Chemist: 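First the structure, then my questions, so here it is.
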Amino acid sequence: MPDAAARLHAIQSALADAARVANRVPADVTLVAVSKNRTVDEIEALIDAGQRHFGENRVQEAATKWPELRSRHPDVVLHMIGQLQSNKAEEAAALFDVIHSLDRPSLAAALVKARWNGPTYVQVNIGEEEQKGGVAIGDLPAFLDQARDLQVAGLMAIPPAEVEPSPYFALLAKLARRHGVSGLSMGMSGDYRAAVMLGATVVRVGTALFED
Ligand SMILES: *Cc1c(COP(=O)(O)O)cnc(C)c1O
């Protein structure tokens, strides 16, 4: 079995270094282990190594893996990071503790109806990409106003692939400041250090935690 604990500790120390370089407190950055497509055994190895926050991108997959894991590890915090269909809002509200992918008014309405009151990140289409989910930058003020019945914890984004992500991280941080929200869910395996230097409060790391 590859060493989950060694990978976790390497990433924790890289995150702490990046935070210090940016004159930030390492404890202000939450590492979410993205466990989509990973088995219960792979996940449990990380839990045993001390990891507590996990992210899944599909309601159905989370529903098959997490009730069992949660019964053994009640202090785990589960994050929904993938696109969420409105008709799954109720199931998601029951399964997850945090939602990172609020991206449209109909979903906001469905979550309110499902009595969801956990921390919620508004996903922003930061690269203005046609195929990608997320609220358009220009629509953000109106959207945040529509989402006022939810507990908006911050903004989330996935920058365009294959280009330098830092300008997009900086832009998301600027939008968060402008709109008075403090949380910033940004950074994945390839770019979490840069994200932390630019203000990420949550990084979502999959591959680098689960693969050697
Ligand atoms: C899969 C995924 C991640 C993790 O990506 P890695 O490159 O494997 O670290 C982060 N965020 C979202 C929204 C994802 O779907």
Side-chain angles (χ1 to χ4, degrees), residues 15 19 24-36 43 47 51-59 61-63 65-67 69-70 73-86 88-126 133-135 139-158 169 172-188 192 195-196 198-206:
L15 281 173
R24 301 184 57 209
V25 180
D28 290 348
V29 182
T30 299
L31 171 62
V32 172
V34 177
S35 51
K36 66 187 183 205
I43 294 169
I47 296 175
Q51 177 64 23
R52 285 298 173 271
H53 290 260
F54 288 85
E56 292 282 344
N57 70 339
R58 285 199 299 265
V59 171
E61 183 182 341
K65 296 191 307 203
W66 282 97
L69 279 164
R70 273 202 197 265
H73 310 282
D75 57 342
V76 151
V77 181
L78 196 57
H79 299 247
M80 173 58 180
I81 62 168
Q83 199 173 44
L84 184 53
Q85 289 170 264
S86 295
K88 298 253 172 75
E90 203 158 327
E91 201 182 349
L95 269 170
F96 292 97
D97 302 299
V98 183
I99 291 176
H100 290 246
S101 43
L102 173 58
D103 61 355
R104 56 196 195 281
S106 58
L107 179 58
L111 288 170
V112 168
K113 189 158 169 260
R115 299 183 178 278
W116 166 253
N117 57 15
T120 308
Y121 291 78
V122 172
Q123 185 173 352
V124 179
N125 188 349
I126 200 73
V135 177
D139 294 341
L140 197 52
F143 187 82
L144 286 168
D145 188 48
Q146 284 171 323
R148 64 185 173 274
D149 293 334
L150 294 166
Q151 188 195 324
V152 175
L155 304 182
M156 178 273 218
I158 307 167
F169 293 152
L172 193 71
K174 183 170 136 186
L175 291 169
R177 277 195 302 277
R178 181 183 298 162
H179 296 296
V181 292
S182 55
L184 277 174
S185 170
M186 59 187 196
M188 320 200 304
Y192 62 86
V196 167
L198 290 162
T201 60
V202 183
V203 293
R204 310 175 309 268
V205 178

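Computed from a predicted model, the values in this text were never measured in an experiment.
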Chemist: Quick one, Thr201 with Arg24, criterion side chain to side chain contact (heavy atoms under 4.5 Å, CB included). Give me CA distance, side-chain angles, the key distance, then yes/no.
Modeler: CA-CA 10 Å; Thr201 60; Arg24 301 184 57 209; 4.0 Å; yes
Chemist: With heavy-atom distances below 4.5 Å as the criterion, would you say the side chains of Val205 and Leu15 are in contact?
Modeler: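 The answer is no; the side chains never approach within 4.5 Å.
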Chemist: Side chain of Arg58, backbone of Gly82: donor and acceptor closer than 3.5 Å?
Modeler: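 Flag not set: sc Arg58 to bb Gly82 has no pair under 3.5 Å.
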Chemist: Please work out whether the ring planes of His100 and Tyr121 are parallel, tilted or perpendicular, with thresholds of 30° and 60°.
Modeler: parallel
Chemist: Please round to the nearest 0.5 Å and tell me the distance separating atom CD of Gln146 and atom CZ of Arg104.
Modeler: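 Interatomic distance, Gln146 CD to Arg104 CZ, rounded to 0.5 Å: 12.5 Å.
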Chemist: Treating Arg52 as the side-chain partner and Ile47 as the backbone partner, does any N or O pair qualify as donor plus acceptor under 3.5 Å?
Modeler: yes
Chemist: Kindly indicate whether the side chain of Ile158, heavy atoms from C-beta on, has any atom under 4.5 Å from the side chain of Arg204.
Modeler: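 They are in side-chain contact.
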Chemist: Looking at Asp103, is its backbone amide N or carbonyl O close enough to the side chain of Gln83 to form a donor-acceptor pair, meaning the two atoms are under 3.5 Å apart?
Modeler: no
Chemist: Main chain of Asn125, side chain of Gln123: is a donor-acceptor contact present, judged purely on distance under 3.5 Å?
Modeler: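 Checking the backbone N and O of Asn125 against the side chain of Gln123, no donor-acceptor pair under 3.5 Å is found.
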Chemist: Nearest 0.5 Å, what's the CG-CG distance between Leu175 and Leu184?
Modeler: 9.5 Å
Chemist: CG of Leu69 to CG of Leu78: how many Å apart, nearest 0.5 Å?
Modeler: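 Spacing of CG (Leu69) from CG (Leu78) equals 9.0 Å.
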Chemist: Heavy-atom distance under 4.5 Å between the side chains of Phe143 and Leu102, does that happen here?
Modeler: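 They are in side-chain contact.
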Chemist: For residues 148-157, which side-chain N or O atoms pair as donor and acceptor with protein atoms under 3.5 Å away, sequence neighbours left out?
Modeler:
unit_1: Arg148; atom_1: NH1; unit_2: Asp145; atom_2: O; d: 2.5
unit_1: Arg148; atom_1: NH1; unit_2: Asp145; atom_2: OD1; d: 3.3
unit_1: Arg148; atom_1: NH1; unit_2: Asp145; atom_2: OD2; d: 3.3

Chemist: Around Glu90, counting heavy atoms of other residues, nucleotides and ligands shown, do more than 12 lie under 6.0 Å from its CD?
Modeler: no
Chemist: Where is the tightest heavy-atom contact between Gly187 and Ala195, given as atom of each residue plus distance?
Modeler: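 Heavy atoms of Gly187 and Ala195 come nearest at CA-CB, 3.5 Å.
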Chemist: With rounding to the nearest 0.5 Å, note down the distance linking CZ in Arg177 to CG in Leu172.
Modeler: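 Taking CZ in Arg177 and CG in Leu172, the distance rounds to 10.5 Å.
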Chemist: Residues two or more places apart in sequence or in another chain: which of them pass salt bridge (charged side-chain N to carboxylate O under 4.0 Å, His left out) with Glu91?
Modeler: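 Expected list: none.
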Chemist: Could you grab the distance from atom NE2 of His79 to atom NE2 of His53, nearest 0.5 Å is fine?
Modeler: 5.0 Å
Chemist: Does Trp66 reach the side chain of Val76, with side-chain heavy atoms less than 4.5 Å apart?
Modeler: yes
Chemist: Does the side chain of Arg178 come within less than 4.5 Å of Pro141's, by heavy atoms?
Modeler: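 No - every pair of side-chain heavy atoms lies 4.5 Å or more apart.
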Chemist: Would you compute the distance between atom CG of Leu84 and atom CH2 of Trp116 and round it to the nearest 0.5 angstrom?
Modeler: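 If we round to the nearest 0.5 Å, Leu84:CG and Trp116:CH2 are 9.5 Å apart.
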Chemist: Looking at every non-hydrogen atom in both residues, tell me the closest pair between Gly55 and Val32 and how far apart they are.
Modeler: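 Heavy-atom minimum between the residues: N-CG1, 3.4 Å.
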Chemist: At their closest point, which heavy atom of Pro67 faces which heavy atom of Ala62, and how far apart are they?
Modeler: CD-O, 3.6 Å
Chemist: Decide yes or no for Ile43 and Glu56: does some side-chain heavy atom of the first lie under 4.5 Å from some side-chain heavy atom of the second?
Modeler: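 Yes - at least one pair of side-chain heavy atoms lies under 4.5 Å apart.
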Chemist: Any sub-3.5 Å donor-acceptor pair from Asn57's side-chain atoms to Ile81's backbone N or O?
Modeler: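 No: the side chain of Asn57 does not pair with the backbone of Ile81.
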Chemist: Can you tell me which residue pairs pass the salt bridge (charged side-chain N to carboxylate O under 4.0 Å, His left out) test with a partner in residues 105-117, sequence neighbours excluded?
Modeler: none
Chemist: Report yes or no: does Ser101 contribute a side-chain atom to a donor-acceptor pair with the main-chain N or O of Ile99 at less than 3.5 Å?
Modeler: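 Answer holds: no.
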